[in-house]
Amino acid sequence: MANKTAANEHHGFPWKHLIGFVLSIVLTLFALWIALGTDLSLTWILIIIFGFAFLQAALQLLMFMHVTENSTKSNLTSRVQIGNILFAAFVAIVIVIGSVWVMAAGHAKHDKHNHAPKTENHENHGSHGGGSEHDSGEHGSHE
Amino acid sequence: MAHAETHDPNTPLEYRSEIGRLNILGFWIFLGAEIALFSTLFATYMVLTHRIADGPALGELFEVKSLLIQTFLLLTSSFTCGLAVHEMRRHNVKGLITWMVVTLGLGLGFLYFEIQEFLHFIHEGANIGTSAAWSGFFILVGTHGAHVTFGIFWVTMVLIQVAKRGLTPATSAKVFITSLYWHFLDVVWIFIFTAVYLMGMVMHHG
Amino acid sequence: MKWDEFFVTGDPMIYGADVSIVLTMVGILFYLTKYKKWKWLWDEWLTTVDHKKLGIMYIVSAVLMLFRGGVDALLMRTQLAVPEAKFLDSQHYNEIFTTHGTIMIIFMAMPFLIGLINVVVPLQIGARDVAYPYLNAVSFWTFFIGAMLFNISFVIGGSPSAGWTSYMPLASNELSPGPGQNYYLLGLQIAGIGTLLTGINFLVTILKMRAPGMTLFRMPMFTWSSLVTMVIIIFAFPILTVALALMTFDRLFGSHFFTLQGAGMDMLWANLFWLWGHPEVYIVILPAFGMFSEIISTFSRKTLFGYKAMIWSMLLIAGYSFLVWVHHFFTMGSGALVNSVFSITTMAIGIPTGVKIFNWLFTMYRGKIQFTTPMLWSLGFIVNFVIGGVTGVMLAMAAADYQYHNTYFLVSHFHYVLIAGTVFACFAGLIYWYPKMFGYKLNERIGKWVFWIFTIGFNVCFFPQYFLGLDGMPRRVYTYSEESGWGPLNMVSTIGGFMMGIAFLVLVYNMYYSFRFAKRETTGDAWDGRTLEWSTPTAMPPFYNFAKIPEVTGLDHFWRQKQAGKVEKLTANELKPIHMPSNSGVPFIMASFFFVAGFGMVFDWMWMAIIGLVGVFGTLIYRSFEYDDGYYVSVEEIIETEKISK
């Protein structure tokens, strides 16, 4: 896959694009249904909808953006392009999960603004803190 | 740069000049930087999302209908943009321009509904100064919107160049780069759809 | 706003600075006009896209900023020399440590290194220019304009005073009113654009513009270190861009990211700042490692020991550098788990760095060492940097950090890393590649004086600060009491500081002296070098670098050729016309519009900001519609330039 040159696949009917498009619509609707139409726990909802988001991002990269395509005979460019996106994904995950973890684990705890939204579902929010990457095992250790 | 190059006749135009190849690779790298940029905005948003002070909660104001309209407009525009590049690779200038104009139309439609939604939120008492959570929302979604706006101007200018000069290695590299940019904005939107809207609504409604 | 709010007034030192700035400007304008140099300035420098000239402009700017930042440092040391001194008041002191830190990191260290990278890397990989010469000019001019915008705060509107880290809420409108903090935000923002573009430019240059035969694992170590640095720049600088933008929104447009009102989160700023700030540390140290590798290898007359280990350790550092940022604010209190995790990652990053130290030592082992000035700086680096590294591991222990935090122990630690690492490298690299840039070496005898005065002064200045820190002296205080007992060590430290100042003046004198008296180089190989930049026939490479692109067969290709006695002589019949990019004035004009936009934002004059931004977009559009394919240098001209006999 990574070794193919851009020369292929640009004649005829754009099947690749069509499949990508249909899949992206399906994934979007499915994510919406999981989020609003099911009774799964918050943790599972988050895992599934973010899984879909990454899947859809990969679809765009592979089906529409030709990330694996080489501009010359050597496969340097496709390796650089893929490596670049993978490292970007690593940095993105570090920035987002790292920030949320660091800021939620300590600072926000002794800070009056960090209350859940003023709604009736306090329990639900609590399970969010316990179940996802915000490690709740740490809560007791600080005070 | 100087030596004349021989090509497989199947090599797409945008890869035929050294400058075109360099620019496309450089733009891919730039997209890596853009991922870091949007990640920082997402991190800010996620850290601040419950800090609503005296303002409304985020999920309280989100609406599924407006969200779906925006999402489908942008998803479809990414598809039509892909078709435009497909036509370009078949050396069909007319097809390229047609699909790109459709893409721009869908992009404008997206912007229209996004602005409507922002105005609605402001009307409901949520603006950038309402609370940290809303600051995070407006800066993240607004930065994406600003990118789309910039993209519309950019694509338009590149299309003018294609109309004037036809498809050359230089113009086709420009078209290809704008298409990468456009698809990338769709990728960012997928994450806004998930992390901002779906998560916001789930947290709010349970 | 009245004029006395616009200009900084009240302090005689500022008036002195005003007068000297005006006199310098008048002097420059007079000189340019009298000797009819305007056209020369525009054609040769302001519109150039030549990486070597841009590199020289980066370095000249960096040396000027080193002077500015150094004067700031000496003012601080003067104030701290004795207890309860009245030389500076607290506000003035705050402004000076803020500008000192910001200028030294952003406007001195980075451009100095990027300048050397500009000059050297394309030559080392056998390329005629960078991948995007036009963009390279945009990079330089946005950096330069950002630096100028930051520096005029000194006389117009007032300097920022919230520290180079600009923690919130101290940097908020309430506690830092006025334009000072805005200068920080906009100056760094504009310069940051240039840095990001440099990152992309050199990454693609190194990946795609290498001479035939130069595989990735045949690249010189400085090129490798530049490659890794560019990767870090590309992924770290956008974080700074966002952080600065968010604070700008807080200050100008009433958002609540880091404010105390509206449920903002002040420590989120610290989190974002260091998410960028720690990779930034590696951005300014990795190129230094690369330079020392080249210099130590050249003057030990041996191939670098552990070439691959060196590369893998740098790649590891690039990944790790994004995983340690919390160690800058252990005391925020994120709890035991978070602090332990970041403590461990911080200690782990010391390992690849240690690997490098051993590689340099083993390179020298059994080598024929020549004690030239660049080599002296490299040896000085190893000794002093290890002191900084060891204290760094002490600081990495979160529990212990609660004691060291915000004391002079920390101040001393990062000066040992940044001066012994980055500044020593800048001096070493400047001296080493000076003949490549100007066609003659700096005087070695004077150079040795500079090294010894600076290195001794550096230790006299900073070593006592470890003890001051352990004794509890906090950083960023403008004075201290007699009873604290900190007076004597502070006096010693100040004396060391002034020795470093003297060494800088001797270095500048050396530039003048060597310009007048140094023997001009007749070949391109001033130090009996190993890498391709030394293979050009003339001391200063022509604007197209290589008349014929070299073909590389291995690591240290040029050295092997020399050993085998097979250095190729150029002949006229193998020459072909060379394609080169055209000069352009657009980058300079674009950066000027950035200045207008930035200045408008600083004073919250939105009409002016909009004019500036419209101008910036105008130049972008102009460029998009401009189809300039460059030009060809004819074979006759190459023969003329290279002085090849037919």
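Every chain is numbered from 1, with letters handed out A, B, ... down the list of sequences. As the structure is a computational prediction, the values presented were derived from the model and not from experiment.
- Note: F121(B) and F137(B) meet the aromatic proximity criterion, with ring centroids under 6.0 Å apart.
- The closest donor-acceptor contact from the side chain of R165(B) to the backbone of T171(B) lies at 3.5 Å or more, if one exists at all.
- Only the side chain of F176(B) comes within contact range of chain A, judged by heavy atoms closer than 4.5 Å.
- The candidate from V94(A), I25(A), V80(A) with the greatest count of non-hydrogen atom pairs under 4.5 Å with chain B is I25(A).
- Of the two parts of V188(B), neither the backbone nor the side chain holds a non-hydrogen atom closer than 4.5 Å to a non-hydrogen atom of chain A.
- No donor-acceptor pair under 3.5 Å is formed between the side chain of N75(A) and the backbone N or O of S78(A).
- The residue among G82(B), A132(B), G59(B) with the most heavy atom pairs within less than 4.5 Å of chain A is G82(B).
- Heavy atoms closer than 4.5 Å to chain A are found in the side chain of F72(B), but not in its backbone.
- If you measure heavy-atom distances from L48(B) to chain A, you find no contacts under 4.5 Å at all.
- Residues V196(B) and F62(B) meet the side-chain proximity criterion, which asks for heavy atoms closer than 4.5 Å.
- For a residue to count as touching a neighbouring chain, one of its non-hydrogen atoms must lie under 4.5 Å from one of that chain's; by this rule L32(A) touches chain B with backbone and side chain alike.
- Contact of S131(B) with chain A is not made at all, since no heavy-atom distance falls under 4.5 Å.
- You'll find the ring centres of F42(B) and Y45(B) outside the 6.0 Å limit.
- Contacts of F54(A) with chain B are made by both backbone and side-chain atoms, with heavy-atom separations under 4.5 Å.
- If you tally non-hydrogen atom pairs under 4.5 Å between each of T76(B), V85(B), L83(B) and chain A, the highest count goes to T76(B).
- Looking at A195(B), both its backbone and its side chain come within 4.5 Å of chain A, counting heavy atoms on both sides.
- With a 4.5 angstrom heavy-atom cutoff, I93(A) does not touch chain B via any of its atoms.
- Partner of V175(B) under the side-chain contact (heavy atoms from CB on, under 4.5 Å) criterion, out of L13(B), V158(B), V155(B), I97(B): V158(B) alone.
- F193(B) touches chain A through its side chain: at least one heavy atom from C-beta onward sits under 4.5 Å away, while N, CA, C and O do not.
- Only the side chain of T71(B) comes within less than 4.5 Å of a heavy atom in chain A; its backbone stays farther off.
- Without hydrogens or angle criteria, S172(B) side chain to E14(B) main chain gives a donor-acceptor distance under 3.5 Å.
- With a 4.5 Å cut-off on side-chain heavy atoms, I45(A) and M199(B) do not count as touching.
- Checked against the 6.0 Å centroid threshold, F13(A) and H86(B) do not count as a close aromatic pair.
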